[in-house]
Amino acid sequence: MKRSNGIIIIPAYNEEENIRQVLAEVAQHNPNLDVLVVNDHSRDRTSFLVQELGAQVIDLPCNLGYGGAVQAGFRYARELRYDFCIQLDGDGQHDPSYIPKLAQEITRTENDVVLGSRFLGKANYHIPAIRRVGMYFFGAIVSLTTGKKVTDPTTGYQALNARAIRFFANDNYPTDYPDADTLIVLNYAGFNVKEVPVVMRQRMAGVSMHANWKSLYYVIKMCLAIFVVLLRGRKYYGAIKSE
Amino acid sequence: MTGFRIQVFAVLGSLIIAAIIFELIRKRKVLEKYSLLWFASAVVLIVLSIWRDLLEKVAAVLGVYYAPSALFIIAGFCAMAMFLHLTVVISQLTEQNKTLVQEVGLLRDMVQQLQKQEQK
C-alpha cells in the first residue's frame with residue numbers, strides 16, 4: 001500500500017536475529033516513509049517476523065543474491081511510482097538514524113543518488129587491512145575514470161530519486177553486489193552522485209555476506225566488470241538512461 | 001618447426017576466444033561471472049604457449065614426451081572444468097525455474113479466487 005512518496009527498501013537474507021531491531025530503529029527514525037523488506041528467500045523466520053511487525057514484505061520465491069533482491073525493491077518502487085527510495089541492509093550495519101538526512105539530501109538537492117559513506121567524517125569502523133587496500137584501489141579507479149572522489153564504493157546505504165530507480169530497475173543493477181563498476185556506470189549515464197558521511201556498525205549477529213575467502217575471485221571479477229564498463233563507454237549508458 | 005607453429009596457433013586461438021568473450025560481455029550476451037572460466041582457460045593456454053620451459057616441465061609431470069601435446073590435454077581439462085561449471089549452473093536454473101512456475105501457478109489460483117469473491 002502506497003502511503004508516502006518515498007520508500008525505505010531493506011534487503012534481508014536469513015536475518016531473523018537482526019531484522020526486528022532494524023525495523024524498530026527504522027520506525028524510530030522514519031520521517032513517514034513506507035517500509036519494504038525484500039526477503040531474498042531466507043530459510044529462517046525473517047519473513048514471519050517482518051509480517052508480525054506489520055511491515056510490508058516481498059518474499060522472493062528463489063534466492064537471487066543481494067543485487068537481485070535490491071533490484072526487486074527498485075522494481076516495486078518504480079511500479080508504485082515512488083519519488084525516491086532509501087536502501088539499507090537488513091543486518092543492522094547501517095545506522096537508521098541517518099535516514100532523515102539521506103531523505104533530505106535526495107529530495108532537496110539536485111543529486112540523483114546519495115551514497116552513505118562510512119569513511120567520510122569520523123570513521124568508527126574497523127576493516128581488515130587487505131580489504132582496505134582493495135577498497136582504496138577500486139576507489140582510485142573510480143576517481144580516475146569519473147573525475148569524482150569516492151570514499152566508499154561498496155556502500156549499500158544509499159538514497160535514489162525516481163530517475164535513478166528507473167535506471168536500476170531496467171537491468172542496470174548488478175546481480176551480485178553494487179561496487180566500483182556501478183559508480184562508474186552512474187557517472188557515465190550522467191547521474192549526479194554525492195556522498196554523505198554515515199556511521200556503520202559491525203554486524204549485530206549472523207554471518208556477513210563477505211565472510212568467505214573469495215577475495216581473489218572478487219578482485220578479478222571487479223577488474224573485469226570495470227573494464228567492460230569502460231569498454232561500453234559513456235554513449236552506451238547515456239542512451240540507456242534516456243530510454 | 002612444428003613446435004613453434006603450434007605455439008603460434010595456440011596463442012592466436014586463445015586471443016581470439018578472449019576477444020569474442022569480451023565482445024559478448026560488452027553486448028550483454030554473457031554475464032561477467034560466467035566468463036571468468038573462459039578467461040582463466042585462455043590465460044593458462046597463452047602462458048603455456050609462450051613460456052616453452054614451463055610447458056616442458058608440465059609435460060614432464062604429465063608424462064607427455066612431446067610438449068605441445070600437453071597443450072591439448074590442458075585445453076581438455078579447461079573444457080571439462082567449463083562443462084562441469086555449466087552443468088552446475090543449468091541444474092540451479094532448472095530448480096529456480098521449477099520454483100518460479102509453481103509460484104506463478106499458485107499466484108494465478110489466488111487471483112482467480114479473489115476475482116470470484118469480488119463477483120459475488
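In the text below, chain A, chain B and the rest are named by the order of the sequence lines, each starting its count at 1.
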In Å and rounded to the nearest 0.5 Å, what is the [atom1] to [atom2] distance from [X] to [Y]?
X	Y	atom1	atom2	value
Tyr217(A)	Lys33(B)	OH	NZ	6.5 Å
Leu224(A)	Ile25(B)	CG	CD1	4.5 Å
Glu103(B)	Asp59(A)	CD	CG	8.5 Å

Check your understanding: Can you say whether Glu32(B) sits under 4.5 Å from chain A via the side chain, the backbone, both, or neither, judging by heavy atoms?
Key ->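 Contact with chain A: backbone and side chain both.
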Point to revise | Contact class of Leu36(B) relative to chain A, heavy atoms under 4.5 angstrom | key: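 Just its side chain gets close to chain A.
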Can you tell me if [atom1] on [X] sees more than 12 non-hydrogen neighbours from other groups inside 6.0 Å?
X	atom1	value
Lys57(B)	NZ	no
Arg81(A)	CZ	no
Gln112(B)	CD	yes

Check your understanding: Any idea which heavy atoms bring Thr99(B) and Pro61(A) closest together, and the distance?
Key ->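 Nearest heavy atoms, Thr99(B) then Pro61(A): CG2-O, 3.2 Å.
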Exercise for review: Kindly say whether Arg26(B) contributes a backbone atom to a donor-acceptor pair with the side chain of Arg232(A) at under 3.5 angstrom?
Suggested key: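 Yes, because the side chain of Arg232(A) sits within donor-acceptor range (under 3.5 Å) of the backbone of Arg26(B).
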